[in-house]
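What follows is a set of notes on a single structure, which appears directly below.
Just follow the structure's listing: the first ligand is 1, and inside any ligand the first atom is 1.
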Amino acid sequence: MTNQKLVISDAKSDLKMAIAVAMSESNLYSSAMPKPLVATTGYFLIKKMIKFETNGGETRNNAFIDSMRASSPTRRATETEDKNTWIIRHPSALNMFEDIMNASKGKDIVVFLDYDGTLSPIVEDPDRAFMTNEMREAVRDVAKFFPTAIVSGRCRAKVYNFVKLSELYYAGSHGMDILGPTKGHKKQRKGNQSVFCQPAREFLPMIDEVNKILLEKIKFVPGAKVENNKFCLSVHFRCVDEKIWGELAEQVKEVIKDYPKLRLSQGRKVLEIRPAIKWDKGNALEFLLESLGYDKSDNVLPIYIGDDRTDEDAFKVLRKRGQGFGILVSKSPKETNASYSLQEPSEVMYFLKRLAEWKKSSLLGH
Ligand SMILES: O=P(O)(O)OC[C@H]1O[C@H](O[C@H]2O[C@H](CO)[C@@H](O)[C@H](O)[C@H]2O)[C@H](O)[C@@H](O)[C@@H]1O
């Protein structure tokens, strides 16, 4: 018992020492080692020390790490449900295109599109998740006929820089930052207010503070990246060695535990930190429908296309309203509230092209 205490207290002071060494090494980087090597050395010194302290925690953390492992592709459907039965329950939106269009008769279609994994392929570097020009054209064509919104976990300005279409509605930060189109058929809210909503404004200073702490804390974790999405933060682990995902998750949780007003969730190889308020992509969808004048209307058919766990909130809202369709982008069976599926962004593009073509020819009376 005495020995154990001694080890732990030694480990704590060693940990402080390791952090100090690692930080000073990192500051000395320009003259000595290449930075990644310095960061790695520092990280592994720290990792060795943390091991002493978190052995019990590691066991508790197992479920969380399993869930991190399963995060791309997310939410595998139960093993008993094979691909064949899953596709019967969530048929391809391309195969069901005619049915979807028939359901829209006498209704106004509104289109909601997630960005990463839906309009752009998933890539290692989040700053390079570009959509193709062909995809941009497809979205532009759809927006000529139907109100169209991008609903993303990214900060609004960043996702706008990827999409670059000013005729769209944008809901960034998982729906916590909504702005209407700056060009094209602008729709004003009741009382002529423009479409704008930021329900988590009071969290901005807190998010900035946590961003700084996390940047400092994970700079020794090779491959980890913190992305500031304005009203929420992403800690990416796609490029982190799987053996140290547990330590990374522990470090993030360690920071968040001092901020009970924030919550931690997971996306595709990413930990998401966001305000613990009841506002998600589902609320953004409802807010936008209301802004467009469809809050109490049966004459609307919302179509929401997304690939991630956070999109499930919007799929659930559509199910609850009994209106429109959720379309999950996934190559493999996953638990979902979506009605239909598409395999990958190229299929999303094809679906959008067909949608615009269908509208064009119905206007021409074909
Ligand atoms: O709601 P979304 O538009 O789907 O945004 C969710 C997160 O997407 C981005 O991360 C994901 O895509 C990256 C680029 O392909 C990939 O490297 C990462 O592993 C994925 O999780 C974005 O960088 C995050 O900030 C968003 O929260």
Taking only heavy atoms of [X], which atoms of ligand 1 are found under 4.0 Å from at least one of them?
X	value
Val270	21 (O)
Ser234	24 (C), 25 (O), 27 (O)
Pro121	15 (O)
Glu124	17 (O)
Asn229	25 (O), 27 (O)
Pro126	14 (C), 23 (O)
Gly153	1 (O), 2 (P), 3 (O), 5 (O), 27 (O)
Tyr115	3 (O)

Task: Cation-aromatic face contact Arg156/Tyr170, 6.0 Å, 45 degrees - done: no
Task: Residue-ligand contact Ser120/ligand 1, heavy atom below 4.0 Å - done: no
Task: The one among Gln266, His236, Arg128, Glu227 that brings a heavy atom closest to atom 25 (O) of ligand 1 - done: Glu227
- [ ] From atom 27 (O) of ligand 1, work out which of Arg238, Lys281, Glu272 has a heavy atom at the shortest distance.
- [x] Glu272
TODO: Run through Lys359, Lys360, Arg354 and flag the one making a salt bridge (Lys or Arg N to Asp or Glu O under 4.0 Å) with Glu357.
DONE: Lys360
Open item on the list: Can you confirm whether or not the ring centre of Phe97 sits under 6.0 Å from the ring centre of Phe351?
Closed with: yes
Open item on the list: Below 4.0 Å, non-hydrogen atoms only: which portion of Ser152 touches ligand 1? Side chain, backbone, both or neither.
Closed with: both
Open item on the list: How about CD on Glu124, more than 12 heavy atoms from neighbouring residues, nucleotides or ligands closer than 6.0 Å, or not?
Closed with: no
- [ ] Tell me, yes or no, whether the heavy-atom count around Lys296 atom NZ, taken from other residues, nucleotides or ligands under 6.0 Å, exceeds 12.
- [x] no
Do me a favour and list the nearest non-hydrogen protein atom to [atom] with residue, atom name and distance?
atom	value
atom 21 (O) of ligand 1	Arg268 O, 2.5 Å
atom 2 (P) of ligand 1	Asp114 OD1, 2.9 Å
atom 8 (O) of ligand 1	Asp116 OD2, 3.1 Å
atom 16 (C) of ligand 1	Val123 O, 3.2 Å

TODO: Could you note down all residue pairs passing salt bridge (Lys or Arg N to Asp or Glu O under 4.0 Å) where residues 127-139 supplies at least one of them, sequence neighbours left out?
DONE: Asp127-Lys158, Asp127-Lys225, Glu134-Lys353, Glu137-Arg140
TODO: Any pair with a residue in residues 100-114 that passes salt bridge (Lys or Arg N to Asp or Glu O under 4.0 Å), sequence neighbours left out, goes on the list, sorted by first then second residue, please.
DONE: Asp114-Lys281
Open item on the list: Does ligand 1 come near enough to Asp308 that some N or O of the ligand is less than 3.5 Å from an N or O of the residue?
Closed with: no
- [ ] Could you label the plane-to-plane angle of the Trp245 and Phe237 rings as parallel, tilted or perpendicular, counting under 30° as parallel and over 60° as perpendicular?
- [x] perpendicular
Task: NZ/NE/NH1/NH2 to OD/OE distance under 4.0 Å, Arg263 and Glu272 - done: no
Task: Salt-bridge contact Lys219-Glu216 (side-chain N to carboxylate O under 4.0 Å) - done: yes
Open item on the list: Do Phe130 and Val123 land in one hydrophobic cluster if side-chain heavy atoms of ILVMFWY residues count as linked below 4.5 Å?
Closed with: no
